[in-house]
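All chains are named by letter (A, B, ...) in the order of the sequence lines, taking the proteins before the strands, and each is independently numbered beginning at 1.
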2 protein chains.
Amino acid sequence: MPKRVDHAERRTEIAEALVRVAGRRGLHAVGMREVAAEAGVSLRLVQYYFQTKEKLLFFGLELLAERFGERVSARVRAAGDSPGPRALVEALLMAALPTDDESRTFHHLYTSYAVLAVNDPALAAQPFIKNPDAAEDALTELLRQAQEAALLEPGVDARLEAAGLLAMSAGLGTGILVGQRSAESATAVLGHQLNRIFRTGDEVST
Amino acid sequence: MPKRVDHAERRTEIAEALVRVAGRRGLHAVGMREVAAEAGVSLRLVQYYFQTKEKLLFFGLELLAERFGERVSARVRAAGDSPGPRALVEALLMAALPTDDESRTFHHLYTSYAVLAVNDPALAAQPFIKNPDAAEDALTELLRQAQEAALLEPGVDARLEAAGLLAMSAGLGTGILVGQRSAESATAVLGHQLNRIFRTGDEVST
DNA sequence: ACCTTCGTGGTACGTTCGTATCACAAAGCC
DNA sequence: GGCTTTGTGATACGAACGTACCACGAAGGT
């Protein structure tokens, strides 16, 4: 049976199994055996491709971040051919909301990792800072451009506003996740916020 | 030795030990034995006052929510004798930010519980919804009053704004928690947001 | 054609965890 | 003052977990 196999691919498959079971039962409850079963391989194999559980978890986080980045990019690209700044900003912020199973799992697990990182320096060294900071930079740049095109209300500080919007999006996402608020209500809150930032030339986008 | 003892008090002491050790090592890592050691009692005693770990965790959450409520109330009361609406709003929002050890632990553990609640219906039935909803109602009412006193910029929807501000505060709090942003930067973001909501009669309060 | 390396399975080990059990002393009740 | 209840200690148990170990079949290289 043992043909030569692509390690990277195998690792990705197993990490995807990890993400699935973690999304279903919670990151705290996932064990090597269950990941193996979900991936349809033996426990030994999980050990073989990841020597330790910690490494498996790290790789799972990387996978999660990567997939999420792709998702956001896709959303932004889908925002239209020559999208207005507001449509771009909206796409960026809405993509982070847990509106379907995939984004819900992402939000759930990312928060789980973040909580673990509070007490785990090794985990805290992972892309927890890098990734959100990049998003903040990107959004700030978007707002600056809109500002130069005189599309924003006066008195808006691009950087502070970007940070605030991203934090709001994250907070709303958590609210959705725990069932406190519906996805529709979250988008309404976000939309109202954008209405107050952008000059009234209402393009509410899709 | 066995004098008659106040159960409620004992349970609170043990739950406080739970909160301490959970804040130190993460909620996922806390065991009955460690809680017992932290509280300075035997494992048996923890079992005696809480029959099961689940009940201990529930009680810990209740304690956390209660203490946090008191903290917010204290902050709001300390906002001044006849505080302006903006000072009140600011006190409410800032109190939720993890600026010191106590609020940091609160934010950390509350988020931990929230993550667990995603996959645990019994935990989800605890005050996860009730409490934030109450905060949203209170903040909405505060904004409405400010609105009637013509202290707000036009075009502000009190309810949507309240929800947005609370979500932003929560999101900023998480950012502080994971070391992505400093407490000062978070308060700056929040302050800027309030500046754009309240009419310019700048009282930045303490 | 041999031999090394790679992929894989099965299983055992040591630890830790939550919980249950046994034992017993002090206090309250009548 | 005997007896029941209450508080407390020590320890045992069964399960689950991460990890380590042993064995072996099938390719690849030369």
Side-chain angles (χ1 to χ4, degrees), chain A residues 1-61 109 112-113 116 119-120 122-123, chain B residues 1-61 109 112-113 115-116 119-123:
Chain A
M1 293 204 187
K3 299 183 194 174
R4 246 1 172 274
V5 90
D6 183 349
H7 268 220
E9 186 180 343
R10 204 66 130 162
R11 284 166 62 92
T12 302
E13 282 172 17
I14 295 178
E16 279 169 349
L18 162 71
V19 168
R20 281 197 302 275
V21 52
R24 210 183 308 134
R25 311 216 306 121
L27 190 61
H28 68 286
V30 16
M32 307 277 281
R33 285 164 177 83
E34 201 176 355
V35 171
E38 174 78 22
V41 301
S42 75
L43 169 60
R44 181 65 180 87
L45 269 255
V46 180
Q47 285 188 265
Y48 183 70
Y49 289 104
F50 305 88
Q51 293 76 41
T52 169
K53 185 185 184 182
E54 190 182 39
K55 291 182 183 169
L56 171 59
L57 288 179
F58 282 11
F59 192 80
L61 176 57
L109 294 189
S112 300
Y113 275 110
L116 289 187
N119 311 106
D120 184 342
L123 201 54
Chain B
M1 293 201 185
K3 301 182 192 173
R4 238 16 165 267
V5 91
D6 184 349
H7 269 220
E9 186 180 344
R10 208 55 138 168
R11 284 166 61 92
T12 301
E13 281 171 17
I14 295 178
E16 279 170 348
L18 162 71
V19 169
R20 280 196 302 274
V21 52
R24 210 182 309 134
R25 311 216 307 122
L27 190 62
H28 68 286
V30 21
M32 307 277 281
R33 284 165 177 81
E34 201 176 355
V35 171
E38 173 78 23
V41 300
S42 74
L43 169 60
R44 180 66 180 86
L45 269 258
V46 180
Q47 286 188 265
Y48 182 73
Y49 290 103
F50 306 89
Q51 294 74 42
T52 169
K53 185 185 183 182
E54 191 182 39
K55 290 181 183 171
L56 170 59
L57 289 178
F58 283 9
F59 192 80
L61 176 57
L109 295 189
S112 300
Y113 275 111
V115 165
L116 290 187
N119 312 107
D120 185 341
L123 201 53

Check: B:R11 side chain, B:Y49 main-chain N or O, donor-acceptor pair, under 3.5 Å: yes

When the distance from NZ of B:K55 to C1' of C:dG18 is rounded to whole Å, what number comes out? 14 Å

Which nucleotide wins on minimum distance to the side chain of B:R44, given the candidates D:dG7, D:dT19, D:dA10? D:dA10

Residue-phosphate contact under 4.0 Å: A:H7 side-chain N/O, C:dG7 OP1/OP2: yes

Can you name the closest pair of heavy atoms from A:G23 and B:N119 and give their distance? O-ND2, 3.6 Å

Presence of B:T52 side-chain N/O under 4.0 Å of C:dG18 phosphate oxygens OP1/OP2: no

Would you mind telling me which of C:dT19, D:dG9, C:dG9 lies closest to the side-chain atoms of A:L45? C:dG9

Phosphate-side-chain proximity, A:Y48 and C:dT8, N/O vs OP1/OP2 below 4.0 Å: no

Rounded distance in Å - CD (B:E9) to C1' (D:dG7): 15 Å

Going by heavy atoms closer than 4.0 Å, what residues in residues 16-41 of chain B are next to DNA chain C? B:V30, B:G31, B:M32, B:R33

Taking the side chain as C-beta and beyond, is there a heavy-atom pair between A:R24 and A:R20 under 4.5 Å? yes

Roughly how far, to the nearest 0.5 Å, is NE2 of A:H28 from CG of B:L27? 9.5 Å

Nearest-Å distance for atom pair CZ/P, residues A:F50 and C:dT8: 13 Å

State whether the side chain of A:Y113 and the backbone N or O of A:L57 hold a donor-acceptor pair below 3.5 Å, judged by distance alone. yes

Closest non-hydrogen atoms of A:K55 and A:Q51, given as atom of the first, atom of the second and distance, are NZ-OE1, 3.2 Å

So what does A:Y49 hit on the nucleic acid, given a heavy-atom distance under 4.0 Å: a base, only sugar-phosphate, or nothing? sugar-phosphate

Write down the distance between NZ (A:K53) and C1' (D:dA16), rounded to a whole number of angstrom. 11 Å

Please report the distance, rounded to the nearest Å, between CG in B:L43 and C1' in C:dT19. 9 Å

Using side-chain heavy atoms (C-beta onward) and a distance below 4.5 Å, is B:L43 in contact with B:M32? yes

Considering only D:dT8, C:dT8, D:dG18, which nucleotide approaches the side chain of B:R10 most closely? D:dT8

Counting only side-chain nitrogens and oxygens, does B:S42 get under 4.0 Å of the OP1 or OP2 atom of D:dT8? no

Roughly, in whole Å, what's the span from CD in A:Q47 to P in D:dG18? 10 Å

